Amino acid sequence: MTQTVRVGSRGSHLAKTMVGELLDQLRTAHPDVVWTRHTILTTGDMDRTTSLAELSASGAGVFASQVEAALLAGEIDVAVHSLKDLPTTPTPGTVLAAVPARHDVRDALCGATLDTLHEGARVGTSAPRRIGQLRHARPDVRPTPIRGNVPPRLRQMRTKGWAGLLLAAAGLHRLGLSDQITQLLDPWEWPPSPAQGTLGVQIRTGAENSWLQELLSVVHDASTDAAVRAERALLAALDGGCYVPIGATAIPEGLTLRLMGQVTSSDGSRAVRVEKIGSVQDPEVLGVQVADALREQGASPLLEELRTAAPPQRL
């Protein structure tokens, strides 16, 4: 009897592209299995005007909770997420079955470079981390809220005459829009969101799903898994959500793992940065060590500032 596996994700064009990429690998590895795709409309897809930080603060899962609900309800067998959108505390009844090889981890600036932005230039981004880092690098420019899928954001940048737009490079590459990138930002100087450029493949817990875990093991990448576990442990230890100004970059180097974390104030005036090396076998320990060092160097007041600030304005 032919097995059918239902794979679900949010409905954005980028999410569908990521799932298609994953299914190509799974169909090649398991041609005897029928892999079907299912789209779930999420809070973040339905509300395109409220800022992501405001939606997150309201308790909504933004991009993950509805997909997880469909998984737990048995409507799908596998949930595929952009791992940076998935909360660091696992939802009861779910487990990450695979973390595929990471794509480009970097942020990308479209329309200009950091050096060529003119004074007072508008740069589109709604992410608190990117806003803080942009203001830190160029305090004379104006971060401007923007939401929606990638192509409409690029059109909005052009039609409104903004000088630039900050996006994840991986998304631009996956959508065939690499030619829109004017500068790739060094992840050691401009640390991305924890787990940026990485997919998280989630299933239900339970021995009855061990066959599914085995099927998905072909797309798992141990090196990527170690790196993002360190980054997400850092995020969790700082009690940070998906939309707080915490950047992190982990690089496996043989048996060791190098992790750098940075917290930037929302106005860009202050940045606390720590780098440590640990064992690739204990990425969570390294993540906690970097988080502790960030707190010791004054990161906590910067995070508290953002949590107590008024929510960002709507467009």
Side-chain angles (χ1 to χ4, degrees), residues 12-14 44 48-55 84 103-193 196-197 242-249 260-273 299 302-303 305-306 309-315:
S12 71
H13 183 34
L14 178 56
R48 293 292 178 82
T49 57
T50 307
S51 74
L52 294 180
E54 192 175 352
L55 280 174
K84 72 176 183 178
H103 278 231
D104 199 328
V105 67
R106 295 171 291 184
D107 276 345
L109 183 57
C110 303
T113 67
L114 287 174
D115 289 340
T116 60
L117 288 167
H118 60 82
E119 185 176 348
R122 287 184 179 271
V123 177
T125 180
S126 293
R129 173 188 60 82
R130 289 181 180 137
I131 291 170
Q133 289 175 341
L134 178 62
R135 286 174 169 159
H136 187 68
R138 286 292 307 270
D140 57 318
V141 303
R142 300 172 62 189
T144 305
I146 189 168
R147 286 284 315 280
N149 290 327
V150 172
R153 289 198 217 186
L154 288 165
R155 287 195 296 272
Q156 188 173 343
M157 175 189 72
R158 290 189 290 267
T159 57
K160 294 195 173 185
W162 297 350
L165 178 65
L166 279 167
L167 294 165
L172 289 160
H173 294 321
R174 282 180 162 125
L175 293 172
L177 295 169
S178 301
D179 60 343
Q180 299 297 308
I181 298 173
T182 47
Q183 184 179 8
L184 288 166
L185 301 170
D186 182 343
W188 219 252
E189 297 302 321
W190 183 287
S193 296
Q196 184 160 299
C242 305
Y243 306 106
V244 292
I246 299 171
T249 301
M260 187 271 290
Q262 179 174 307
V263 178
T264 311
S265 65
S266 56
D267 64 2
S269 64
R270 290 162 293 168
V272 180
R273 182 185 183 93
L302 304 188
L303 292 170
E305 261 179 32
L306 185 79
Q313 292 182 341
R314 301 188 181 196
L315 287 174

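All of these numbers come straight from a predicted model, not from anything done at the bench.
- Minimum heavy-atom separation, G197 to A170: CA-CB, 4.0 Å.
- Side-chain contact check for L109 versus W190: every heavy-atom pair is 4.5 Å or farther apart.
- When every heavy atom of T144 is checked against every heavy atom of W162, the shortest pair comes out as CG2-CZ2, 3.5 Å.
- Looking at residues two or more places apart in sequence or on another chain, you find a salt bridge (Lys or Arg N to Asp or Glu O under 4.0 Å) between R138 and D140.
- Surrounding CZ of R270 are more than 12 heavy atoms belonging to other residues, nucleotides or ligands, all under 6.0 Å away.
- A heavy-atom distance below 4.5 Å is found between the side chains of L114 and L134.
- Side-chain contact check for D104 and H173: at least one donor-acceptor pair (N or O, by modelled atom type) lies under 3.5 Å.
- Judged by distance alone, the side chain of S193 and the main-chain N or O of Q196 form no donor-acceptor pair under 3.5 Å.
- Interatomic distance, CG of L303 versus OG1 of T264, reported as 9.5 Å (0.5 Å rounding).
- Side-chain atoms of S126 come within 3.5 Å of backbone atoms of I146 as a donor-acceptor pair (strictly under, hydrogens ignored).
- Here the shortest heavy-atom pairing between V123 and L165 reads CG1-N, 4.0 Å.
- For the atom pair CG (L302) and OG (S269), the distance works out to 8.0 Å, reported to the nearest 0.5 Å.
- Closest of all the heavy-atom pairs between L154 and L177 is CD1-CD1, 3.9 Å.
- Between Q183 atom CD and L166 atom CG the span is 9.5 Å, to the nearest 0.5 Å.
- With Q133 contributing its side chain and P191 its backbone, the two residues share a donor-acceptor pair below 3.5 Å.
- Residue pairs meeting the salt bridge (Lys or Arg N to Asp or Glu O under 4.0 Å) criterion with at least one partner in residues 107-116, sequence neighbours excluded, are D107-R129, D107-R130.
- Considering every non-hydrogen atom in both G268 and H136, the closest pair reads O-ND1, 2.8 Å.
- Residue Q262 holds its CD atom at 8.5 Å from CD of E189, rounded to the nearest 0.5 Å.
- One distance of note links OG of S265 with CZ of R135; it measures 9.0 Å at 0.5 Å rounding.
- Considering CG of N149 and CG of L175, their distance stands at 8.5 Å, rounded to 0.5 Å.
- Of all the heavy atoms in A112 and A163, the pair that sits closest is CB-O, 3.6 Å.
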